[in-house]
*Asks:* 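Next up is a structure, given as structure tokens.
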Amino acid sequence: MAPSPTGRFHLGSARTALFDYLLAHKTGGQFILRLEDTDQKRFVPGSEEEILRSLDWLGITPDESPVHGGKYGPYRQTERRDLYLKRANELVQKGFAYPCFCSPERLERSRKEQEARKVDRVRYDGLCRAIDPGDAAKRVASGENYVIRFKMPQDGSTTAHDHLRGDIVTENKYLDDSVIMKSDGLPTYHLAAMVDDHEMEITHVMRGSEWLSTFPLHVNIVRAFGWEEPVWIHLSVFLKPSGKGKMSKRESAQAMKDGYTIFVDDMKDLGYTPEGVLNWIALMGWGVAEDDVMSLDEMIQRFNIDTLTPSPAAINFQRLDHFNGAHIRRLPTSDLSRRIKPYFVEAGLPVEDDALLKITPLIRERLVTLDDCLAFASFFFKESVEPNPVELIAKGLDAKQSVEIAKKCFEILSALPDVSPQTAEPPMRAYVESAGLNANQVFGILRVAVTGQKVSPPLFESMEIIGREKVLSRLQNAIQILLRM
RNA sequence: GCCCCCAUCGUCUAGUGGACUAGGACGCAGCCCUUUCAAGGCUACGACCGGGGUUCGAAUCCCCGUGGGGGCACCA
């Protein structure tokens with residue numbers, strides 16, 4: 001994959017990376033990360049690190065990259081500049097490109113003039129295309145400022161083949177003489193990517209469909225060099241949740257407010273798992289017959305470029321939650337424990353590994369995001385809980401009746417050697433039965449008393465982990481609260 | 001304005017001329033399970049953008065509309 005370090009690493013780039021990774025691992029190829037950093041003006045410090053960090057977190061680390069090395073390096077385009085100049089000159093020599101000495105001001109004037117004439121397509125007027133190559137070479141040698149433009153055919157048409165869309169035929173009269181080498185000596189994407197793809201022996205190019213419009217240029221460049229073309233795949237774009245238009249700054253801000261994000265580097269903090277995120281983005285633009293929860297390995301098994309889809313896909317965060325929860329449920333206890341521990345630590349709770357190992361199975365199927373563990377299990381690690389007095393009153397009963405029930409619970413439980421489900425549940429059920437109450441009422445009071453909340457993991461299992469002493473003291477505390485009402 | 005791409009339930013998609021009463025998943029609604037919340041199981045609702053062709057037969061092929069997306073830089 002070849003992102004440019006000009007901003008944050010988002011879902012779209014992540015999916016491209018995933019597909020690249022999947023294809024490489026499916027076919028026994030190498031997954032390469034190349035940095036397209038030829039635009040010094042838009043360079044954003046730190047973005048290269050964010051790309052690496054995100055890829056790493058997702059678990060799709062490149063085989064070759066600026067930091068991992070590899071036999072096709074260097075992997076930053078700015079470190080390959082000599083190569084591009086050499087190749088650009090080769091094109092000039094062969095008559096496929098030419099130096100252009102037009103100043104930005106002249107270009108601007110020409111554009112304005114064309115706009116005034118309401119031409120269908122504003123393009124380079126071709127002034128320097130007509131310069132005699134010998135004269136042009138002399139001007140270049142004399143140190144004059146110049147760029148190199150690709151000499152697009154002016155007649156006929158260009159047929160480019162996309163693996164998903166078939167042949168795309170473009171009339172050459174709609175094409176332009178694009179700049180392939182800038183005056184600062186660095187190439188534009190058009191040249192750099194084609195040269196690198198060839199040098200690095202890239203077999204498949206998967207990129208966003210925003211490249212479709214320059215697709216004819218790219219195949220013309222490759223053909224001018226006489227190189228073999230890679231398989232071209234233009235992936236669908238991601239649309240905002242409404243399906244109307246691409247994600248904008250505003251939409252990503254809105255997503256943040258809703259607890260979601262389109263930036264991979266933020267996913268971890270929001271409690272998402274790499275497995276969930278990967279599964280989610282994989283199925284946007286890839287149609288598997290019976291789509292399902294898949295691990296990375298399962299994706300590799302099933303991946304096939306023929307089953308990629310060309311139409312735009314709306315981002316659906318509810319699906320992310322679905323896949324995240326599904327993958328959390330797939331996690332072994334020890335693994336899940338390890339992953340949720342940091343959230344307790346972060347919250348300043350004295351988490352013990354042994355207890356956490358027992359708690360994890362109790363909350364596993366309740367978690368949508370990892371940080372949900374706090375809402376479900378914080379009470380295990382607190383010294384005491386503060387129940388909401390109102391919640392201590394059972395449905396259909398008043399405070400007086402509720403306190404009686406609480407007292408009875410205390411009486412029963414305190415007579416027991418422990419509060420495990422095996423020993424505590426039978427007598428409690430017997431009490432519910434004999435008192436003519438329903439389980440909801442009695443267990444509801446008990447739940448709020450010992451956990452401090454109305455919603456919790458299974459009650460008796462929870463009590464066992466909390467321990468007899470703490471359960472009884474919390475129950476005692478609840479009785480006091482009820483008495484004061 | 002011009003060029004290019006795309007078009008099946010609200011969303012992601014399966015479907016490559018007859019096996020389609022159009023399948024699955026998310027979400028939504030109901031039921032079951034159940035001490036809460038989940039998870040799980042079952043059921044319901046829900047789509048081939050429109051119009052012309054081609055064909056014995058079209059969601060599938062062609063054309064025209066319409067809608068959506070992308071591009072028209074010394075950015076990628």
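Throughout, protein chains are lettered first and strands after them, A, B, ... in sequence-line order, and every chain is numbered starting at 1.
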*Asks:* Assess the residue pair A/His190 and A/His218 against the criterion (side chain to side chain contact (heavy atoms under 4.5 Å, CB included)); give the C-alpha distance rounded to whole Å, side-chain angles, the decisive distance to 0.1 Å, and a yes or no.
*Replies:* CA-CA 6 Å; A/His190 314 304; A/His218 299 153; 2.8 Å; yes

*Asks:* In Watson-Crick or G-U wobble terms, both distances under 3.5 Å, what is the partner of B/C26?
*Replies:* B/G10

*Asks:* What does A/Ser456 touch in the nucleic acid at a heavy-atom separation under 4.0 angstrom: a base, only the sugar-phosphate, or nothing?
*Replies:* base

*Asks:* Answer with base, sugar-phosphate or nothing: what part of the nucleic acid does A/Pro457 contact at a heavy-atom distance below 4.0 Å?
*Replies:* base

*Asks:* Answer with base, sugar-phosphate or nothing: what part of the nucleic acid does A/Ser178 contact at a heavy-atom distance below 4.0 Å?
*Replies:* nothing

*Asks:* Going by the angle between their ring planes, with limits at 30° and 60°, are A/Trp280 and A/Phe317 parallel, tilted or perpendicular?
*Replies:* tilted

*Asks:* Taking atom C1' in both B/G50 and B/A14, what distance in whole Å separates the two?
*Replies:* 24 Å

*Asks:* So A/Pro104, base contact, sugar-phosphate only, or nothing? Heavy-atom distance under 4.0 Å.
*Replies:* base

*Asks:* Taking pairing as Watson-Crick or G-U wobble with both contacts under 3.5 Å, can you name the mate of B/U16, or confirm there isn't one?
*Replies:* none

*Asks:* With a 4.0 Å cut-off on heavy atoms, is A/Tyr174 in touch with a base, just the backbone sugar-phosphate, or nothing at all?
*Replies:* sugar-phosphate

*Asks:* Return the nucleotide paired to B/C49: Watson-Crick means purine N1 to pyrimidine N3 with N6-O4 or O6-N4, wobble means G-U with N1-O2 and O6-N3, both under 3.5 Å.
*Replies:* B/G65

*Asks:* Would A/Arg139 pass as a cation-pi partner of A/Tyr146, given that its NZ or CZ must be under 6.0 Å from the six-membered ring centre and within 45 degrees of the axis?
*Replies:* no

*Asks:* Look only at the side chain of A/Asp176 and the backbone of A/Ser178, and say whether a donor-acceptor pair between them is shorter than 3.5 Å.
*Replies:* no

*Asks:* Any side-chain hydrogen bond (donor to acceptor under 3.5 Å, both in side chains) involving residues 237-250 of chain A? Give me the pairs, sequence neighbours left out, ordered by first then second residue.
*Replies:* A/Lys240-A/Glu251, A/Ser248-A/Glu251

*Asks:* Would you say A/Lys41 reaches B/C75's phosphate, i.e. side-chain N/O to OP1/OP2 under 4.0 Å?
*Replies:* yes

*Asks:* Answer with base, sugar-phosphate or nothing: what part of the nucleic acid does A/Gly444 contact at a heavy-atom distance below 4.0 Å?
*Replies:* nothing

*Asks:* Any donor-acceptor pair under 3.5 Å linking the side chain of A/Ser47 with the backbone of A/Pro5?
*Replies:* yes

*Asks:* Using a 4.0 Å heavy-atom cut-off across all strands, classify A/Val147 as base, sugar-phosphate, or nothing.
*Replies:* base

*Asks:* If I pick the C1' atom on B/A58 and the same atom on B/G15, what distance separates them, to the nearest angstrom?
*Replies:* 13 Å

*Asks:* I want to verify a distance call: between B/C12, B/U35, B/C75, whose nearest atom is closest to the A/Phe460 side chain?
*Replies:* B/U35

*Asks:* With heavy atoms under 4.0 Å as the rule, sort A/Thr6 into base, sugar-phosphate or nothing.
*Replies:* nothing

*Asks:* Just call it for A/Trp211: base, sugar-phosphate, or nothing, with non-hydrogen atoms closer than 4.0 Å on any strand.
*Replies:* base

*Asks:* If the P atom of B/G68 is compared with that of B/C75, how far apart are they to the nearest Å?
*Replies:* 32 Å

*Asks:* Hey, does A/Gly325 reach any base, or is it just sugar-phosphate, or nothing, if we go heavy atoms under 4.0 Å?
*Replies:* nothing

*Asks:* Please state whether the phosphate of B/A76, meaning OP1 or OP2, lies under 4.0 angstrom from any side-chain nitrogen or oxygen of A/Lys182.
*Replies:* yes

*Asks:* Can you tell me the pairing partner of B/C72 across any strand shown, Watson-Crick or G-U wobble, with both distances under 3.5 angstrom?
*Replies:* B/G1

*Asks:* In terms of relative ring orientation, are A/Tyr189 and A/Trp211 parallel, tilted or perpendicular, with 30° and 60° separating the classes?
*Replies:* parallel

*Asks:* Between A/Trp286 and A/Leu22, does the side chain to side chain contact (heavy atoms under 4.5 Å, CB included) criterion hold? Intermediate values first, please.
*Replies:* CA-CA 12 Å; A/Trp286 174 23; A/Leu22 257 22; 4.2 Å; yes

*Asks:* What interatomic distance, in whole Å, is found between P of B/C32 and the corresponding atom of B/A38?
*Replies:* 16 Å

*Asks:* Collect all protein-nucleotide pairs involving nucleotides 39-42 of chain B in which both atoms are nitrogen or oxygen and the distance is under 3.5 Å.
*Replies:*
{"unit_1": "B/A39", "atom_1": "O4'", "unit_2": "A/Glu365", "atom_2": "O", "d": "3.4"}
{"unit_1": "B/A39", "atom_1": "O3'", "unit_2": "A/Arg329", "atom_2": "NH1", "d": "3.4"}
{"unit_1": "B/G40", "atom_1": "OP1", "unit_2": "A/Arg329", "atom_2": "NH1", "d": "3.3"}

*Asks:* Over all strands shown, is A/Arg42 touching base, sugar-phosphate only, or nothing at heavy-atom distances under 4.0 angstrom?
*Replies:* base

*Asks:* Atom CG of residue position A/Asp155 - does it have more than 12 heavy atoms of other residues, nucleotides or ligands inside 6.0 Å?
*Replies:* no

*Asks:* Could you tell me the separation between the CG atom of A/Asp306 and the C1' atom of B/G15, rounded to a whole number of Å?
*Replies:* 15 Å

*Asks:* Can you tell me how far P in B/C42 sits from the matching atom in B/U60, rounded to whole Å?
*Replies:* 33 Å

*Asks:* Which nucleotide, if any, forms a Watson-Crick or G-U wobble pair with B/C31, using both distances under 3.5 Å?
*Replies:* B/G41

*Asks:* Expressed in whole Å, how much space separates the C1' atoms belonging to B/A7 and B/A19?
*Replies:* 26 Å

*Asks:* Could one point to a donor on the side chain of A/Thr170 or the base of B/C4 with an acceptor on the other under 3.5 Å away?
*Replies:* no

*Asks:* With sugar-phosphate meaning primed atoms plus P, OP1 and OP2, does A/Thr451 contact a base, only sugar-phosphate, or nothing at under 4.0 Å between heavy atoms?
*Replies:* nothing

*Asks:* Regarding A/Pro216, tell me which of base, sugar-phosphate or nothing describes its non-hydrogen contacts under 4.0 Å with the strands shown.
*Replies:* nothing

*Asks:* So A/Leu459, base contact, sugar-phosphate only, or nothing? Heavy-atom distance under 4.0 Å.
*Replies:* base

*Asks:* In whole Å, measure the gap between the P atoms of B/G67 and B/A44 for me.
*Replies:* 37 Å

